[in-house]
Participant: 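Would you mind keeping the following structure in view while I ask a few things?
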Amino acid sequence: MRARQVSCCFTGHRPEKLPWQYNEADPRCVSLKRRIMDAVESAYREGFCHFLCGMALGCDQYFCECVLALREVHPDVTLEAVIPCPTQADAWPPKQRERYRRLVAACDAETMVSTHYTPYCMLRRDRYMVDHASLVIAVFDGTPGGTRYTMEYAMGKGIAVVDLPVVLMNGMGGRK
C-alpha cells in the first residue's frame with residue numbers, strides 16, 4: 001500500500017447517469033475521457049503515482065484505462081482495484097464483465113473491502129478509497145448518489161477534489 005500523500009482516487013457516474021449511456025463513441029464521452037486523462041496526467045505531475053479505482057461500470061473504467069495508459073509511459077505509476085465485494089460484476093452484460101476482468105487483472109493490487117455483498121459495501125469501498133488518498137478526481141453531474149456522497153465525504157475530511165463536470169447536450173456541465 002502506498003502512502004496517502006502520493007495516492008489519488010476516483011469517483012464518477014455509471015453509464016445510466018451519463019447522457020450517452022454505453023455509447024463510448026459519443027463525442028461527449030470521448031471528450032470526458034480526454035479530460036480524465038488530462039486530470040490523471042496533472043495529478044502525476046503533482047507527485048501522485050498511486051491511483052485507486054472502484055472498478056464500477058462507466059467512469060471508473062474510463063479512469064482505470066487512463067491510469068493504465070499513464071503507467072505505460074511512467075512505470076512508477078501503480079493502480080489499485082478497490083472492489084466492494086466478490087460479486088461486483090456478476091450481473092453485468094458479458095462484454096462489460098470481460099472488460100472488468102481485464103482491467104482488474106492489469107492492476108498492481110486488488111483490495112476487496114467486503115467478503116460478500118451488503119447494502120453498504122459500495123459506500124465502504126468509497127470511504128476506503130478516500131481514506132487512502134489525498135486527492136479525488138470526480139466526474140459529477142450534481143445529482144444525489146454515490147459520487148456525491150464520495151465527494152462530500154472527501155471534502156469533509158479536507159481532501160482536495162478535482163471536479164470534471166458531465167457535459168450535456170448544450171455543452172454545459174450537469175449542475176443547474
Side-chain angles (χ1 to χ4, degrees), residues 1-15 18 22 24-25 28-86 88-89 92 95-114 121-140 146-147 149-151 153-155 157-167:
M1 183 181 310
R2 290 291 189 106
R4 182 178 185 156
Q5 65 268 21
V6 297
S7 298
C8 170
C9 71
F10 179 81
T11 187
H13 297 301
R14 289 175 180 79
L18 300 170
Y22 287 90
E24 293 183 38
R28 296 165 296 178
C29 183
V30 172
S31 172
L32 175 61
K33 287 180 179 183
R34 187 170 37 254
R35 291 188 295 135
I36 292 171
M37 189 69 208
D38 290 346
V40 166
E41 288 174 337
S42 177
Y44 179 78
R45 285 191 304 274
E46 292 172 19
F48 294 92
C49 57
H50 182 68
F51 296 85
L52 300 104
C53 182
M55 307 309 293
L57 287 169
C59 292
D60 279 15
Q61 293 179 338
Y62 309 161
F63 173 79
C64 187
E65 290 166 344
C66 288
V67 173
L68 291 171
L70 182 70
R71 189 177 70 186
E72 290 293 316
V73 179
H74 301 285
D76 60 325
V77 167
T78 56
L79 178 58
E80 180 179 350
V82 182
I83 300 171
C85 64
Q88 178 177 17
W92 297 358
K95 185 176 177 182
Q96 295 300 326
R97 280 197 314 268
E98 176 53 36
R99 183 181 192 182
Y100 170 83
R101 287 186 196 109
R102 180 178 45 78
L103 291 174
V104 170
C107 290
D108 299 287
E110 183 179 326
T111 301
M112 188 77 58
V113 297
S114 294
C121 67
M122 305 295 175
L123 294 178
R124 187 172 177 201
R125 172 207 51 206
D126 298 340
R127 285 191 306 266
Y128 173 92
M129 291 191 302
V130 170
D131 290 344
H132 290 85
S134 59
L135 177 67
V136 176
I137 297 172
V139 172
F140 185 52
T147 300
Y149 169 84
T150 304
M151 289 177 67
Y153 182 72
M155 290 184 283
K157 293 182 109 8
I159 307 287
V161 176
V162 174
D163 183 11
L164 307 174
V166 175
V167 177

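Nothing here was measured: the structure is a model prediction, and the numbers come from that model.
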Participant: Restricting to non-hydrogen atoms, name the atom on C121 and the atom on S114 that form the minimum distance, rounded to 0.1 Å.
Facilitator: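 C121 and S114 have their closest heavy atoms at CB-OG, 3.4 Å.
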Participant: Taking all heavy atoms of I137 and all of V40, pick out the closest pair and write down the distance.
Facilitator: CD1-N, 4.1 Å
Participant: Within the side chain of T150, is there an N or O that forms a donor-acceptor pair under 3.5 Å with the backbone of G146?
Facilitator: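 Yes, T150 side chain to G146 backbone: donor-acceptor pair under 3.5 Å.
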Participant: Could you go step by step and tell me if C49 and T78 meet the side chain to side chain contact (heavy atoms under 4.5 Å, CB included) rule?
Facilitator: CA-CA 6 Å; C49 57; T78 56; 5.8 Å; no
Participant: Of the non-hydrogen atoms in R35 and P165, which two are nearest, and what is the gap between them?
Facilitator: NH2-O, 2.8 Å
Participant: Any chance you could measure Q61, atom CD, to R14, atom CZ, to the nearest 0.5 Å?
Facilitator: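 It comes to 10.5 Å.
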Participant: Measuring from atom CE of M129 to atom SG of C53, what distance do you get when rounded to the nearest 0.5 angstrom?
Facilitator: 7.0 Å
Participant: Restricting to non-hydrogen atoms, name the atom on I159 and the atom on A133 that form the minimum distance, rounded to 0.1 Å.
Facilitator: CD1-O, 3.4 Å
Participant: Do the non-hydrogen side-chain atoms of Y62 and M37 ever get within less than 4.5 Å of each other?
Facilitator: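 Answer no - side chains too far apart.
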Participant: State, without any angle test, whether S7 and H132 hold a side-chain donor-acceptor pair at a distance under 3.5 Å.
Facilitator: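 Looking only at side-chain atoms, H132 and S7 do not form any donor-acceptor pair under 3.5 Å.
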Participant: Minimum heavy-atom separation for R125 to V82, with atom names?
Facilitator: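 Scanning both residues, the minimum pair turns out to be CD-O, 3.2 Å.
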Participant: Report yes or no: does T147 contribute a side-chain atom to a donor-acceptor pair with the main-chain N or O of F140 at less than 3.5 Å?
Facilitator: no
Participant: So F63 and C66, do their side chains get closer than 4.5 Å, heavy atoms only?
Facilitator: no
Participant: Would Y22 and Q96 count as a side chain to side chain contact (heavy atoms under 4.5 Å, CB included) if you check the C-alpha gap in whole Å, the side-chain angles of each, and the deciding distance to 0.1 Å?
Facilitator: CA-CA 10 Å; Y22 287 90; Q96 295 300 326; 4.0 Å; yes
Participant: Would you say that C9 contacts F51 through its side chain, given a criterion of any heavy-atom pair below 4.5 Å between the two side chains?
Facilitator: no
Participant: Roughly how far, to the nearest 0.5 Å, is CG of L32 from NE2 of H13?
Facilitator: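 If we round to the nearest 0.5 Å, H13:NE2 and L32:CG are 10.0 Å apart.
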Participant: Return the CD to SG distance between E80 and C64, rounded to the nearest 0.5 Å.
Facilitator: 11.5 Å
Participant: Atom SG in C29, atom CZ in R34: separation rounded to 0.5 Å?
Facilitator: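 Here the rounded value is 10.5 Å.
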Participant: Partners of Y100 by ring pair (Phe, Tyr, Trp, His ring centres under 6.0 Å), sequence neighbours excluded?
Facilitator: W92
Participant: Under 3.5 Å, which donor-acceptor pairs link side chains of residues 102-110 to any protein atom two or more places apart or in another chain?
Facilitator:
from, atom 1, to, atom 2, distance (Å)
D108, OD1, R71, NH1, 3.2
D108, OD2, R71, NH1, 3.0
D108, OD2, L79, N, 2.8

Participant: Just by distance, do the side chain of S134 and the backbone of R4 share a donor-acceptor pair under 3.5 Å?
Facilitator: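 Yes, the answer is positive, given that a donor and an acceptor are paired below the 3.5 Å cut-off.
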Participant: Minimum heavy-atom separation for G12 to D60, with atom names?
Facilitator: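 For G12 versus D60, the nearest heavy atoms are N-OD1, 3.9 Å.
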Participant: Please enumerate all residues that pass ring pair (Phe, Tyr, Trp, His ring centres under 6.0 Å) together with Y44, with sequence neighbours excluded.
Facilitator: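 H74.
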Participant: Before giving the answer on side chain to side chain contact (heavy atoms under 4.5 Å, CB included), spell out for I83 and T111 the whole-Å C-alpha distance, their side-chain angles and the decisive distance to 0.1 Å.
Facilitator: CA-CA 6 Å; I83 300 171; T111 301; over 6 Å; no
Participant: Taking C-beta and beyond as the side chain, do V77 and E72 meet within less than 4.5 Å on heavy atoms?
Facilitator: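 Not touching, per the 4.5 Å side-chain cut-off.
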Participant: Roughly how far, to the nearest 0.5 Å, is CG of L123 from OH of Y149?
Facilitator: 5.5 Å
Participant: Check the pair L68, L70 against side chain to side chain contact (heavy atoms under 4.5 Å, CB included), reporting the backbone distance first and the verdict last.
Facilitator: CA-CA 5 Å; L68 291 171; L70 182 70; over 6 Å; no
